[in-house]
Structure formats: structure tokens, C-alpha cells
Amino acid sequence: QVQLVESGGGLVQAGNSLTLSCAAAARTFSSFAMGWFRQAPGKEREFVAFITRSDRITYYADSVKGRFIISRDNAKNMVYLQMNSLKPEDTAVYYCAADREGGSSVQPRAYEYWGQGTQVTVSS
């Protein structure tokens, strides 16, 4: 069982940066692949980024590539999403998710555990 708690959301102006954190309560956190997803009002949940377990391979959605950075600290059971050059279209609820198979999926259904989400609003 894994419990995930996101933090760090808020209101920012376009062009600014924000870093989201996700704290994981899991004895074997390092064995999970971790992902960030987001959901804007009236839209489906969409993939943002993932990071694999110990090898820490990262992958990003085209819409955030070059602007967002996902990282993890296995010693602290934490995963982060550094968001730079934010745009109004980045406005959404951001979710942290864990994949116990340690895979590398962009599909929400591959992730068994989810946090409650944190709101990010980017003003123009």
C-alpha cells in the first residue's frame, strides 16, 4: 500500500516557476515508478512526466518537455516536479501517481496509487 500527498500548488503568473512535491508513505518506495499527471476542468487526465525507479529514466509529455523536470529522492520518499516557464494552459490539478510494476507508462491505468491532487493556476 502506498499513500501519496502532493503539495506546492498555487497561483503564479505566466513565465514564473513552481515546484510540486509528492511525499510517499511506502516501505519500498524505490521500487515504484512515479508519475505526474494533470487534469484541467472539462478535460481528461493527461500524462505530464514519469521517472523510473533506481535507474531514474525520465520521460515527458511534448507539451512540457524542456520546461518541466521530474526528480526523486528515494532516501526521503519524495518525488518532485519542477515547473518552469509556466503558461496559462498549464493550469490544472496535478496528481502524483505510483506504479508498483516499476514500469514506464504514460497511461493513467498503469498507476495503482494516486494522491489527492494539488491545484496549479497560471495567470496571464
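- Paired with Ser105 under the rule side-chain contact (heavy atoms from CB on, under 4.5 Å), one option of Glu101, Gln107, Arg109 passes, and it is Gln107.
- In this structure the side chain of Gln82 never reaches within 4.5 angstrom of the side chain of Phe68, judged on heavy atoms.
- By the 4.5 Å heavy-atom criterion applied to side chains, Ser104 and Phe50 are counted as neighbours.
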Could you walk me through whether Asp99 and Glu112 pass the side chain to side chain contact (heavy atoms under 4.5 Å, CB included) check? CA-CA 6 Å; Asp99 174 7; Glu112 294 84 6; 3.6 Å; yes
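- Phe29 places a side-chain heavy atom less than 4.5 Å from the side chain of Met34.
- Gln116 contributes atom CD, which lies 11.0 Å from atom CD of Gln3 (distance to the nearest 0.5 angstrom).
- In this structure, the side chains of Asp90 and Arg67 come closer than 4.5 Å at one or more pairs of heavy atoms.
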Practice prompt. Kindly indicate, with the supporting measurements, whether the criterion side chain to side chain contact (heavy atoms under 4.5 Å, CB included) is fulfilled by Tyr113 and Arg100.
Written response: CA-CA 8 Å; Tyr113 306 102; Arg100 65 186 174 192; 3.8 Å; yes
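- Relative orientation of the Trp114 and Phe37 rings is tilted, given thresholds of 30° and 60° on the angle between their planes.
- At a threshold of 4.5 Å between non-hydrogen side-chain atoms, the residues Val79 and Cys96 count as touching.
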Donor-acceptor list for residues 7-26 side chains, cut-off 3.5 Å, not counting sequence neighbours:
from	atom 1	to	atom 2	distance (Å)
Ser17	OG	Asn84	OD1	3.0

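- A pairwise comparison of heavy atoms in Met83 and Val120 identifies CE-CG2, 3.9 Å as the closest pair.
- Criterion: ILVMFWY side-chain heavy atoms under 4.5 Å apart, direct or through other members. Under it, Tyr60 and Val122 are part of a common hydrophobic cluster.
- Tracing side-chain contacts under 4.5 Å through hydrophobic residues (I, L, V, M, F, W, Y), one reaches Leu86 starting from Ile69; they form part of the same cluster.
- The two atoms that bring Gly35 and Tyr111 nearest to each other are N-CE2, 3.7 Å, heavy atoms only.
- Summarising the geometry of Tyr94 relative to Glu6, their closest heavy-atom pair is O-OE2, 4.0 Å, with the distance given to 0.1 Å.
- Residues Tyr95 and Val48 have side chains not in contact (no heavy-atom distance under 4.5 Å, counting atoms from C-beta outward).
- Minimum heavy-atom separation, Ser30 to Arg53: O-CB, 2.9 Å.
- With hydrophobic clusters built from ILVMFWY side chains whose heavy atoms lie under 4.5 angstrom apart, Leu81 shares a cluster with Val64.
- Enclosure of atom CD in Glu89 by more than 12 non-hydrogen atoms of other residues, nucleotides or ligands within 6.0 angstrom is indicated.
- Inter-residue side-chain proximity for Glu46 and Arg38 is flagged as met; some heavy-atom pair is nearer than 4.5 Å.
- Nearest heavy atom pair, residue Thr52 against residue Ile57, reads OG1-N, 2.7 Å.
- Remark: Lys65 is positioned above the aromatic ring of Tyr59, its terminal NZ or CZ atom under 6.0 angstrom from the ring centre and at most 45 degrees off the axis.
- Closest approach of Ala98 and Val2 over heavy atoms only: CB-CG1, 4.4 Å.
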